[in-house]
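Counting starts at 1 for both ligands and their atoms, following the listed order.
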Amino acid sequence: KDFKDQMIIDAGQKHFGAIICKSCGMIYTAASPEDEAQHIQHHQRFLEGIKYVGWKKERVVAEFWDGKMVLVLPDDPKYAIKKAEDVRELVDNELGFKQIVLSCPSKIKTYFFVSNERKIIGCLIAEQIKQAFRVLSEPNVPQSPNQDILQHHRAWRCSIKPEAAICGISRIWVFSLMRRRGIAHRMVDVVRNTFMYGCYLSTDEIAFSDPTPDGKLFATKYCQT
Ligand code: ACO
Ligand code: ZN
């Protein structure tokens, strides 16, 4: 049944013989039994995780042509909190975060972007913060072999001078097959508008924590526009 949903990717040498699953986005080699087994496991867990059945009292904070945004707060019913935790686990897995403890679970706001097909295709976790350290732009050093390693370890240079900020974005994630459609952009817009009652936060008042390379590219672009 899984195999109806596949398409072969034509990406040249790098992914030779690779398949990308249209439902879970995993890239794997069909010829390898281990890969296939891994895919089946990931596929089920992922689809179960992003499945959104909907709640009677869900808090819809925005509606779009391609979906809506739902906000989950710490005092919400157990089933909503459970969903927020499950999705956070999927996201942390993909980001390679291991058991990161949230600094203050009673203050976090979880935003979902739910598609018209009732799947959670975007997630943003925001926390109230008091200060942040600006990420400094990379100096123009020639490409060195170390650069990859640096990127991998997210060793961004940060300013040592704290700046006041109100909203910390501790995670932002969009389903791999739905990226570059402005979903992250719209999620941040909605957070700026709903995080603090009655005000629209400026880009200086929001901060992205520990950005990945994708996160940094997105944040740089977002904060310029
Ligand atoms: N490379 C270059 N520019 C990018 C990228 C990228 N990978 N992603 C976004 N941008 C820029 C583009 O200018 C884009 O506009 P364009 O498509 O018109 O050129 C603009 O940002 C807006 O992008 P969106 O479509 O709103 O972003 P998207 O919905 O694709 O989500 C995200 C971006 C969340 C970073 C996504 O790539 C993702 O989930 N990546 C994996 C998880 C991850 O690394 N998350 C960030 C972790 S850091 C943190 O959580 C604080
Ligand atoms: Zn799959």
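- Protein heavy atom in closest approach to atom 23 (O) of ligand 1: Phe218 CD1, 3.6 Å.
- Only backbone heavy atoms of Ile169 (N, CA, C or O) come within less than 4.0 Å of ligand 1; its side chain stays farther off.
- In this structure, a donor-acceptor pair under 3.5 Å is absent between the side chains of Tyr28 and Glu34.
- The aromatic rings of Phe112 and Trp55 sit tilted, their planes meeting at an angle between 30° and 60°.
- Protein heavy atom in closest approach to atom 39 (O) of ligand 1: Val174 N, 2.8 Å.
- Residue-level proximity to ligand 1 for Met178 is absent, since no heavy atom of it falls below 4.0 angstrom.
- For ligand 1, the atoms sitting less than 4.0 Å from at least one non-hydrogen atom of Thr212 are 43 (C), 44 (O), 45 (N), 46 (C), 47 (C), 48 (S), numbered in the order shown with element in parentheses.
- Counting just the N/O/S atoms of His43, the one with the shortest distance to the Zn ion (ligand 2) is named ND1.
- For the pairing with Val87, the side chain to side chain contact (heavy atoms under 4.5 Å, CB included) check across Asp92, Ile120, Ile125 returns one residue only, Ile120.
- Here the options are Arg192, Glu205, Gln131, the test is side chain to side chain contact (heavy atoms under 4.5 Å, CB included), and the partner is Ile166; only Glu205 passes.
- Cluster annotation: Leu217 is not connected to Val188 through the hydrophobic network of ILVMFWY side chains, with a link wherever side-chain heavy atoms come within less than 4.5 Å.
- For ligand 1 and Arg181, the ligand atoms under 4.0 Å from any heavy atom of the residue are 25 (O).
- Remark: minimum distance from atom 50 (O) of ligand 1 to any protein heavy atom is reached at Ile172 N, 2.9 Å.
- Within 4.0 Å of atom 35 (C) of ligand 1, at least one protein heavy atom is present.
- Residues Met196 and Val191 share a single hydrophobic cluster, defined by chaining ILVMFWY side chains whose heavy atoms lie under 4.5 Å apart.
- Residue, atom and distance of the protein heavy atom nearest to atom 1 (N) of ligand 1 are Leu217 CD1, 3.3 Å.
- The contact set between ligand 1 and His185, taken as ligand atoms under 4.0 Å from a residue heavy atom, comprises 26 (O).
- Judged by a 6.0 Å distance limit and a 45° cone about the ring axis, Arg186 is positioned over the six-membered ring of Trp65.
- No single ILVMFWY cluster, assembled from side-chain heavy atoms under 4.5 Å apart, contains both Tyr197 and Val72.
- Placement of Ile169 and Ile129 in two distinct hydrophobic clusters is found when ILVMFWY residues are connected by side-chain heavy-atom separations under 4.5 Å, directly or transitively.
- Taking every non-hydrogen atom of Arg179 and a distance limit under 4.0 Å, the qualifying atoms of ligand 1 come out as 30 (O), 36 (C), 37 (O), 38 (C), 39 (O), 40 (N), 41 (C).
- For atom 18 (O) of ligand 1, the nearest protein heavy atom lies 4.0 Å away or farther.
- Using bins of under 30°, 30° to 60° and over 60° for the plane-to-plane angle, the ring pair Phe46/Phe175 lands in the tilted bin.
- With ligand atoms numbered from 1 in the order given, ligand 1 contributes 46 (C) to contacts under 4.0 Å with heavy atoms of Gly215.
- Regarding atom 42 (C) of ligand 1, its nearest protein heavy-atom neighbour is Leu95 CD2, 3.5 Å.
- When only interatomic distances are considered, the shortest N/O to N/O separation between Ser209 and ligand 1 does not fall below 3.5 Å.
- Note on Phe133 and Phe208: separate hydrophobic clusters, where clusters join Ile, Leu, Val, Met, Phe, Trp and Tyr whose side-chain heavy atoms are under 4.5 Å apart, directly or indirectly.
- Residue Asp214 places at least one N or O, backbone or side chain, under 3.5 Å from an N or O of ligand 1.
- For ligand 1, none of its N or O atoms has an N or O atom of Glu94 under 3.5 Å away.
- Arg171 has its side chain out of reach of Cys123: every pair of non-hydrogen atoms, C-beta onward, lies at least 4.5 Å apart.
- The nearest pair of heavy atoms linking Asp35 to Met26 is O-CE, 4.3 Å.
- Using a 4.5 Å heavy-atom threshold, the side chains of Tyr52 and Lys119 count as separate.
- In terms of protein heavy-atom proximity, atom 13 (O) of ligand 1 is nearest to Lys221 CG, 3.1 Å.
- Per-residue contacts place Arg171 under 4.0 angstrom from the following atoms of ligand 1 (heavy atoms of the residue considered): 50 (O).
- The distance between the ring centers of Tyr111 and Phe195 does not fall below 6.0 angstrom.
- The shortest contact between atom 16 (P) of ligand 1 and any protein heavy atom is with Arg180 NH2, 3.7 Å.
- Coordination check, Cys24 versus the Zn ion (ligand 2): passed, since an N/O/S atom of the residue sits under 2.8 Å.
- Annotation: Pro211 places no N or O atom under 3.5 Å from an N or O atom of ligand 1; distance criterion only.
- If you check which protein heavy atom lies closest to atom 29 (O) of ligand 1, you get Ala184 N, 3.0 Å.
- Evaluated by nearest non-hydrogen atom to atom 25 (O) of ligand 1, the leading choice among Ser170, Gly182, Cys123 is Gly182.
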